[in-house]
Amino acid sequence: MNPGRFPPIGTFLEFGPEDPVFGLLLLAGPAVVALIAASGRTPLTLGITAGYVVFFFSYVLYRGTR
């Protein structure tokens, strides 16, 4: 059985290494963590982190429903 033919799994396999936005988000994650580690918890870093998390989950939901 091919797991990619099962609809819930196939949807998530569609956006992976071939999706440039998803790849960029995965690469930006450690940079956001490093920014927080270097700068400490400030309103600016909290805003950047919140924006990253919201954009990440929004994009995953968008691709999951498309």
Side-chain angles (χ1 to χ4, degrees):
M1 178 174 179
N2 183 1
R5 296 181 76 193
F6 187 60
I9 295 174
T11 302
F12 289 108
L13 290 177
E14 283 181 12
F15 65 100
E18 296 84 23
D19 190 351
V21 175
F22 189 66
L24 181 65
L25 286 170
L26 289 179
L27 290 175
V32 171
V33 172
L35 175 70
I36 294 170
S39 303
R41 185 184 277 181
T42 65
L44 177 64
T45 58
L46 287 176
I48 291 170
T49 304
Y52 173 81
V53 170
V54 167
F55 185 75
F56 184 86
F57 283 116
S58 299
Y59 187 71
V60 169
L61 288 174
Y62 166 74
R63 290 290 298 186
T65 58
R66 230 177 65 141

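Residues take their numbers from the sequence shown, with the count starting at 1.
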- Message: Checking Val33 against Tyr52 for the side-chain contact (heavy atoms from CB on, under 4.5 Å) test, could you report, in this order, the C-alpha distance in whole Å, the side-chain angles of both residues, the deciding distance, and whether it holds?
- Response: CA-CA 11 Å; Val33 172; Tyr52 173 81; over 6 Å; no
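- Under the 4.5 Å side-chain heavy-atom criterion for Ile, Leu, Val, Met, Phe, Trp and Tyr, Tyr62 and Leu25 are members of the same hydrophobic cluster.
- Residue Leu35 forms a side chain to side chain contact (heavy atoms under 4.5 Å, CB included) with just one option from Ile48, Thr42, Thr49, and that option is Ile48.
- Shown here for Gly40 and Thr45, the closest heavy-atom pair between the two residues is O-OG1, 3.1 Å.
- Both Val60 and Val21 are part of a single hydrophobic cluster, where members link through side-chain heavy atoms under 4.5 Å apart.
- In this structure, Leu61 is not a member of the same hydrophobic cluster as Phe56, with clusters built from ILVMFWY side-chain heavy atoms closer than 4.5 Å.
- Cluster annotation: Ile36 is connected to Val53 through the hydrophobic network of ILVMFWY side chains, with a link wherever side-chain heavy atoms come within less than 4.5 Å.
- By the rule that hydrophobic residues join a cluster once side-chain heavy atoms approach within less than 4.5 Å of another member, Phe57 and Val32 end up as members of one cluster.
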